[in-house]
Amino acid sequence: MNILHQRNLFKMKSVLCALLALYGPIALTGCGNNMLGPAVPLAQIQIPLGPDHPLTAALAGTTFQGAVAMDILPVARQFRLVFRDEERQVSGSYDFQGGEIILTGVDFKNTTGAASVQFDPQRRVESITTSAGEAWVRPADDVARAVETGDAANAYIAANADLIAIAQSMDENRGAASPTSNSSTGGSSTTPGVIVQNKPNQADALILNAVLASIAAIWAPVAGILYPLLAFFTVATIVEKTSVARFNGTWSATNANANLLVTINDGKITKLVDADSDHELTIVDSRLDRLDGARVTWIVLATVLGQETEVEFAFDVEEMSNGTLEGTLTAVGSSFARVPVTMTRI
């Protein structure tokens, strides 16, 4: 029995020296440091916007076409589009809620005007304000209804099905004769059967029409309301995917005494392998627990070497400008242990 115990002890150390705490009466606070020297926390992520990028396509034909890059500022939780001129601006903010990145707002302006779109935690457009003094706030009891969007994978499109339905109908009726037509906005102030159905209050319907028409004017020369809305949602989706999926891939999590291979998919750890023994840990549960600026925390519940005791691993690291993740790895099972760790993409 003692021989078996020592053998397991040796294997566990190869997985990570912190796991020694699970098989002995010792509580470790560290097992050496493998930091790669001074490093600066990541301040900015830049995404080049080539001709084939989805955001380039979403902005085509509008006054905001020609953006050359998107900057994501993780510490400030903000993003912005980079243009060759200073007359056009598109920027926004996001937050980490419920294990996901959620867009909180988009601001845009050009020589025609400016507007701000705010989102609620359900990804729905919560309010829209324009530089012309128009403002719309979603009624508290407003319920989005299903509509065919052609992009069911986009959570923002699904969450704003009501606005999309209104925009579609406004575009279809653009220029149509109406007793309450407003030629200055280029659209109809009432849309039979759609706006009234979603907005029982006629005044709310008129306000929303005017706000959406102003947005369309700012995004000219594209004629219509739907296109700008879909562009917002495309921006939101790209910000989400970039903020979380930038960690996707295989990482070498090293310490002075161990080398753990960590595979990340969709922002979550999906595989843990001891590089020395090629032993794969059995993952029971995994989640992205925190994304605060350049700091990220993953929590993994796993079993090791067929043992019944489940071990909770917490990778609490900070993204550095050199591409590494520096921080600590904590293991909590029958005991507690914490060691420094450096994660390098391979």
Enquirer: Same cluster or not: are Val222 and Phe233 linked, directly or through other Ile, Leu, Val, Met, Phe, Trp or Tyr residues, by side-chain heavy atoms under 4.5 angstrom apart?
Expert: no
Enquirer: Test of understanding: with side-chain hydrogen bond (donor to acceptor under 3.5 Å, both in side chains), list the residues that count as partners of Ser243, not counting sequence neighbours.
Expert: none
Enquirer: Of all residues at least two apart in sequence or in a different chain, which pass the side-chain hydrogen bond (donor to acceptor under 3.5 Å, both in side chains) check with Asp71?
Expert: Gln44, Gln46, Arg80
Enquirer: Please tell me whether Leu329 and Leu301 are part of a single hydrophobic cluster in this structure, the criterion being side-chain heavy atoms less than 4.5 Å apart.
Expert: no
Enquirer: Would you say that Ile238 contacts Thr234 through its side chain, given a criterion of any heavy-atom pair below 4.5 Å between the two side chains?
Expert: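 Side-chain contact under 4.5 Å: yes.
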Enquirer: Is the backbone of Ala132 close enough, under 3.5 Å, to the side chain of Thr130 for a donor and an acceptor to pair up by distance?
Expert: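 Between the backbone of Ala132 and the side chain of Thr130 there is a qualifying donor-acceptor contact (under 3.5 Å).
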Enquirer: Spell out, yes or no, whether Val235 and Phe83 are grouped together once hydrophobic residues are joined by side-chain heavy atoms under 4.5 Å, including indirect joins.
Expert: yes
Enquirer: Tell me the closest heavy-atom pair linking Ile207 and Ala135, and the distance in Å.
Expert: CG2-O, 3.0 Å
Enquirer: Minimum heavy-atom separation for Leu42 to Ala294, with atom names?
Expert: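 So the two residues come closest at O-CB, 3.7 Å.
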Enquirer: Taking the side chain as C-beta and beyond, is there a heavy-atom pair between Ile299 and Phe315 under 4.5 Å?
Expert: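 Ile299 vs Phe315: side chains apart.
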Enquirer: Taking Val296 as the starting point, is it possible to reach Leu261 by hopping between hydrophobic residues whose side chains are less than 4.5 Å apart?
Expert: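 Different hydrophobic clusters.
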Enquirer: Going through the distances and angles, do Trp251 and Ile346 end up as a side-chain contact (heavy atoms from CB on, under 4.5 Å)?
Expert: CA-CA 6 Å; Trp251 298 74; Ile346 59 176; over 6 Å; no
Enquirer: Would you please indicate yes or no on a ring centroid separation below 6.0 angstrom for Tyr227 and Trp219?
Expert: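 No, the ring of Trp219 stays outside the 6.0 Å limit from the ring of Tyr227, centre to centre.
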Enquirer: Are side-chain heavy atoms of Val239 and Met70 found at a separation under 4.5 Å?
Expert: yes
Enquirer: Mark yes or no for whether Thr328, through its side chain, and Val341, through its backbone, hold a donor-acceptor pair below 3.5 Å.
Expert: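 Not confirmed, Thr328 side chain does not pair with Val341 backbone.
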Enquirer: Please report the closest heavy-atom contact between Leu103 and Tyr156, naming both atoms and the distance.
Expert: N-OH, 2.8 Å
Enquirer: Go through the structure and list residues passing side-chain hydrogen bond (donor to acceptor under 3.5 Å, both in side chains) with Asn248, not counting sequence neighbours.
Expert: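 Once residues adjacent in sequence are excluded, Asn248 has no partner under the side-chain hydrogen bond (donor to acceptor under 3.5 Å, both in side chains) criterion.
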Enquirer: Report the residues that fulfil side chain to side chain contact (heavy atoms under 4.5 Å, CB included) with Val68, sequence neighbours left out, ordered by chain and then residue number.
Expert: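 Testing Val68 for side chain to side chain contact (heavy atoms under 4.5 Å, CB included), a comparison that skips the adjacent residues, returns Val82, Arg84.
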Enquirer: Measuring from Asp289:CG to Arg287:CZ, what's the distance to the nearest 0.5 Å?
Expert: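 Answer rounded to 0.5 Å: 4.5 Å.
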Enquirer: Walk me through whether Phe247 and Trp298 qualify under ring-ring contact (aromatic ring centres under 6.0 Å, His included).
Expert: CA-CA 11 Å; Phe247 301 110; Trp298 289 284; 5.3 Å; yes
Enquirer: Nearest 0.5 angstrom please: Leu291 CG to Gln97 CD, how far?
Expert: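 Leu291 CG to Gln97 CD: 12.0 Å, rounded to 0.5 Å.
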Enquirer: Compare all side-chain heavy atoms of Ile102 with those of Arg123 and state whether any distance is below 4.5 angstrom.
Expert: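 With C-beta onward as the side chain, the pair touches.
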Enquirer: For Arg295, is there an ion pair with Glu326 - N to carboxylate O distance below 4.0 angstrom?
Expert: no
Enquirer: What salt bridge (charged side-chain N to carboxylate O under 4.0 Å, His left out) pairs are there with at least one residue in residues 88-99, not counting sequence neighbours?
Expert: Arg77-Asp95, Asp85-Arg88
Enquirer: Can you run down the salt bridge (charged side-chain N to carboxylate O under 4.0 Å, His left out) pairs that involve residues 245-273, sequence neighbours left out, and say none if there aren't any?
Expert: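 Salt bridge (charged side-chain N to carboxylate O under 4.0 Å, His left out) check on residues 245-273 returns Arg246-Glu319.
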Enquirer: Drop me the distance from Arg138's CZ to Gln122's CD, to the nearest 0.5 angstrom.
Expert: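 It is 10.0 Å, given to the nearest 0.5 Å.
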